[in-house]
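Basis for what follows: all heavy atoms, side chains included, without hydrogens, waters or symmetry-related copies. Convention: sequence-line order gives letters A, B, ...; per-chain numbering from 1.
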4 protein chains.
Amino acid sequence: MTIYSVKNMPRTPEQNKEIREKTRRSIMDNALKLFATKGFHGTSMADVAKEAGVSKGLAYNYFKSKDDIAHSIINEIMVVGDQIVMMMQKIDDPVEQLHTMINYTFGFLDENEQYWRLYISFVLQPEVANMSSEIMLKFAKNMFHALEDIFTRIGIKNVKEEARYIGALIDGITLHYYFDKENYPLKSVLKLLHSKYSREALEMLK
Amino acid sequence: MTIYSVKNMPRTPEQNKEIREKTRRSIMDNALKLFATKGFHGTSMADVAKEAGVSKGLAYNYFKSKDDIAHSIINEIMVVGDQIVMMMQKIDDPVEQLHTMINYTFGFLDENEQYWRLYISFVLQPEVANMSSEIMLKFAKNMFHALEDIFTRIGIKNVKEEARYIGALIDGITLHYYFDKENYPLKSVLKLLHSKYSREALEMLK
Amino acid sequence: MTIYSVKNMPRTPEQNKEIREKTRRSIMDNALKLFATKGFHGTSMADVAKEAGVSKGLAYNYFKSKDDIAHSIINEIMVVGDQIVMMMQKIDDPVEQLHTMINYTFGFLDENEQYWRLYISFVLQPEVANMSSEIMLKFAKNMFHALEDIFTRIGIKNVKEEARYIGALIDGITLHYYFDKENYPLKSVLKLLHSKYSREALEMLK
Amino acid sequence: MTIYSVKNMPRTPEQNKEIREKTRRSIMDNALKLFATKGFHGTSMADVAKEAGVSKGLAYNYFKSKDDIAHSIINEIMVVGDQIVMMMQKIDDPVEQLHTMINYTFGFLDENEQYWRLYISFVLQPEVANMSSEIMLKFAKNMFHALEDIFTRIGIKNVKEEARYIGALIDGITLHYYFDKENYPLKSVLKLLHSKYSREALEMLK
DNA sequence: GATGAATGAGTTTTCATTCAT
DNA sequence: TATGAATGAAAACTCATTCAT
């Protein structure tokens with residue numbers, strides 16, 4: 001009796017659930033990768049299915065449309081992002097919090113590349129994929145609030161502007177890094193960044 | 001009264017050239033607008049032609065493919081961008097040069113919005129429209145070199161990093177502004193930006 | 001009762017293969033018919049799809065372009081043609097072989113009409129359908145070699161020229177027959193042909 | 001006063017006629033060349049106009065449609081062909097006539113290539129260009145009659161079949177020659193052809 | 001007589017989605 | 001749950017023909 005005779009045995013509900021989650025994950029991951037590099041409209045469902053190693057029919061079993069995949073991905077980005085923000089907020093010292101935020105952002109640059117590319121693309125071209133940017137806007141606002149909160153607690157002046165300022169800095173560096181990863185002097189730029197937000201430097205902003 | 005006022009004479013080459021330039025301009029402008037907001041793949045040639053007020057066929061009389069339109073636009077952005085950089089370099093005082101650059105960038109934010117959106121979306125998704133990012137990379141490098149040159153002449157430390165830093169800042173602010181124009185506190189952020197690069201502040205970086 | 005009689009099971013690979021072969025066959029057959037009579041460029045994919053009873057989309061599921069259909073057909077003609085030549089070569093007596101070849105050619109004139117029309121039209125207009133005539137040339141060479149072999153074994157003089165001569169004769173008669181099938185005196189012309197290559201007549205060529 | 005001031009002088013009717021004939025000739029010649037190699041539907045009016053060095057508009061000044069060009073070309077082929085047949089008939093000796101016909105046909109193979117290719121293409125695919133093959137059929141019949149006449153006068157048996165036979169031979173050789181001009185042993189094949197229709201050989205057919 | 005910009009209908013090709021199995 | 005054959009609508013692109021000049 002070989003392992004293949006198993007396939008005629010009914011699966012347990014747990015097995016089914018596991019399979020479903022794995023497949024769904026694979027579709028989303030591969031769709032993300034493709035959407036991020038080729039664009040949403042530049043990627044076909046056939047591309048996604050092939051990349052995920054499933055049939056086109058099955059992909060529609062998990063998502064009711066191509067839009068639905070995009071929505072699910074963006075949603076997930078938002079949720080994960082919010083979780084990270086919340087996690088950060090558990091740190092007491094605001095300066096440490098700030099640096100942790102920076103470190104986290106740039107420590108997972110390669111892991112988050114596709115998410116970020118897709119997110120920014122949708123931000124820049126809101127008509128693509130009918131993405132109501134509401135949810136993305138709200139997410140961005142959360143980010144800025146978190147930064148404002150940090151700066152308030154540090155006690156500097158121009159809290160709102162400084163929050164926008166460092167936010168821009170982080171996204172700008174990210175953008176430039178992704179544009180030319182091989183040649184970007186990430187390490188030394190980050191060193192400069194940290195030095196500009198060292199405790200002493202922050203004192204000057206009070 | 002010229003010879004060409006005679007009935008049944010073909011248009012002069014000059015007349016044709018004028019017509020061609022006007023129509024080409026219109027197609028490119030409208031394509032830019034659409035590509036920038038709906039994305040390259042999200043925009044059809046029918047969309048472009050309609051928006052430009054010409055037939056689909058005529059659009060292909062001017063550009064041999066949709067890709068060709070995108071390439072022509074990007075090319076033009078690069079050329080105009082290079083011209084601006086060169087223009088800036090005529091200013092003697094490097095600090096003034098730096099602030100002129102900032103002012104120029106943010107003074108024409110609304111005029112340049114579509115260009116920037118398209119440029120960044122191609123940067124993020126180079127596979128779209130077969131954009132060989134070579135030319136875009138070269139353009140970006142020029143920008144960084146111009147900034148490094150300014151900082152060198154000002155005489156600060158960490159020239160390369162500071163160039164990357166302020167470059168990121170400018171693009172980051174631009175990105176965030178376009179994301180939520182109504183609510184972005186552009187004026188006060190720019191004030192902060194200028195203050196951080198005032199003559200006195202720059203002294204500290206030497 | 002097999003496992004696949006269970007509801008909601010995907011088709012077996014065998015079933016799919018069978019479907020694919022049938023549909024592919026139908027597309028090729030109908031494309032051949034249309035290409036042969038209306039010309040390659042005179043036939044649209046819509047024509048082909050309609051004639052084959054499938055949607056345009058499906059036709060592209062089977063062939064990646066209109067050119068691809070033409071290439072596939074020509075390829076098949078070459079393969080079948082080569083097989084026939086090989087089959088002939090199993091006959092021992094060269095004179096019998098020669099007459100079998102003639103009989104075969106003219107015995108299936110009506111069955112092979114479309115093939116021949118298409119083949120010749122590609123021969124005459126090699127730029128159509130990007131037909132690299134290489135493969136067709138090779139096929140023709142095979143034919144001439146087979147004829148030369150026959151004549152060599154019969155032992156006549158001017159083997160090469162005689163091979164070209166009878167080859168031209170066969171294609172010329174075919175061409176004229178297809179030009180005006182109703183009125184062509186095929187039977188009596190073939191009788192003349194056979195008489196000119198009878199054993200006695202061949203003796204004269206030694 | 002330069003030659004260019006002449007262009008504002010009204011042309012004489014003779015000049016106009018000459019220009020018209022030249023231009024018309026050029027359009028037809030270039031259309032023939034293109035139709036013959038790329039096929040009628042594979043050739044665009046833009047191709048024709050460009051090749052002939054005139055504007056598209058002007059081409060329509062001379063021919064009312066693309067079909068019209070094709071018809072005009074075919075017509076001309078028929079007329080010229082008939083003239084040649086008539087010319088041949090002025091030769092008294094039928095055997096000499098036969099060989100003159102052969103020599104003429106193969107003596108101008110390269111000059112007549114495009115005509116022949118186009119003619120045969122239309123014969124094989126009568127639906128292309130709405131070519132009613134009536135006129136082409138009539139032309140072919142003329143040819144066969146001329147041959148039959150020759151053979152009758154020579155006094156051989158099976159006049160009709162022999163006419164078809166040699167007609168097929170001539171077209172078959174022509175076809176094979178055009179297929180692979182570089183490698184076709186035209187000279188020795190023609191030598192064989194002449195020898196098979198020498199006065200002595202013809203005696204055997206009586 | 002001559003030009004080439006412009007059109008619109010048609011052609012090739014793609015692709016999200018459905019459906020039989 | 002899973003497949004991939006099949007569809008139809010839309011997209012990219014072509015081209016015969018017209019027309020203002």
Side-chain angles (χ1 to χ4, degrees), chain A residues 7 10-11 15-16 19-20 23 41 43-49 54-67, chain B residues 4-13 15-17 19-20 22-23 41 43-49 53-67, chain C residues 4-13 15-17 19-20 22-23 41 43-49 53-67, chain D residues 7 10-11 15-16 19-20 23 41 43-49 54-67:
Chain A
K7 89 171 171 197
R11 293 198 198 84
Q15 282 177 315
N16 267 332
I19 289 175
R20 279 198 74 79
T23 307
H41 282 126
T43 304
S44 73
M45 281 298 277
D47 291 338
V48 173
V54 300
S55 67
K56 269 179 294 172
L58 192 58
Y60 277 90
N61 198 318
Y62 285 87
F63 298 91
K64 71 179 206 294
S65 68
K66 202 171 88 158
D67 270 42
Chain B
Y4 281 101
S5 60
V6 175
K7 237 185 86 190
N8 282 345
M9 274 297 156
R11 292 192 196 89
T12 62
Q15 283 176 312
N16 271 327
K17 202 183 162 206
I19 289 175
R20 282 196 77 78
K22 234 182 196 153
T23 307
H41 282 127
T43 304
S44 74
M45 281 298 276
D47 292 339
V48 173
V54 300
S55 66
K56 262 181 298 171
L58 190 59
Y60 279 95
N61 191 318
Y62 284 85
F63 298 91
K64 68 180 203 297
S65 67
K66 203 170 85 160
D67 268 41
Chain C
Y4 282 100
S5 59
V6 174
K7 236 184 91 195
N8 283 344
M9 275 295 157
R11 292 193 196 87
T12 61
Q15 283 175 313
N16 272 327
K17 202 182 161 205
I19 289 176
R20 283 196 76 80
K22 233 182 197 153
T23 307
H41 283 127
T43 304
S44 74
M45 281 298 276
D47 293 339
V48 173
V54 300
S55 65
K56 263 182 296 172
L58 191 59
Y60 278 94
N61 191 318
Y62 284 85
F63 298 90
K64 70 181 201 297
S65 66
K66 203 170 88 162
D67 267 43
Chain D
K7 87 172 171 194
R11 293 196 199 85
Q15 282 177 316
N16 268 334
I19 288 176
R20 279 199 74 79
T23 307
H41 283 125
T43 302
S44 72
M45 281 298 278
D47 292 339
V48 173
V54 299
S55 68
K56 269 179 293 171
L58 192 59
Y60 277 92
N61 198 317
Y62 286 86
F63 298 91
K64 72 179 205 295
S65 67
K66 201 170 89 159
D67 270 43

(request) Please round to the nearest 0.5 Å and tell me the distance separating atom OH of A/Y60 and atom NZ of A/K66. (result) 8.0 Å
(message) Looking at every non-hydrogen atom in both residues, tell me the closest pair between D/K56 and D/M45 and how far apart they are.
(response) CG-O, 4.4 Å
(request) Find which nucleotide of DNA chain E each of B/T23 and C/K64 is nearest to by heavy atoms, and output the residue with the more 5' nucleotide. (result) B/T23
(message) Let me check I have this right: for DNA chain F, each base becomes ., (, ), [, ] or |, based on Watson-Crick or G-U pairs with both distances under 3.5 Å. What is the full string?
(response) .||||||||||||||||||||
(message) Just the rounded figure in Å: distance from P of E/dT11 to CZ of C/F63.
(response) 20 Å
(request) Mark up nucleotides 7-12 of chain F, 5' to 3', with B wherever a protein heavy atom is under 4.0 angstrom from a base atom, S wherever such an atom reaches only the sugar-phosphate, and - elsewhere. (result) BB-BSS
(request) Using a heavy-atom cut-off of under 4.0 Å over every strand shown, decide if B/Y62 touches base, sugar-phosphate, or nothing. (result) sugar-phosphate
(message) Check this one for me: any side-chain N or O of B/R20 less than 4.0 Å away from OP1 or OP2 of E/dA5?
(response) yes
(request) Rounded off to whole Å, could you give me the CD1-to-P distance for the A/I19 and F/dA2 pair? (result) 6 Å
(message) The criterion is side chain to side chain contact (heavy atoms under 4.5 Å, CB included); which residues satisfy it with C/Y62, sequence neighbours excluded?
(response) C/I19, C/R20, C/T23, C/R24, C/I27, C/L58
(request) Please name the pair of heavy atoms, one in C/H41 and one in D/H41, separated by the smallest distance, quoted to 0.1 Å. (result) CB-CB, 3.4 Å
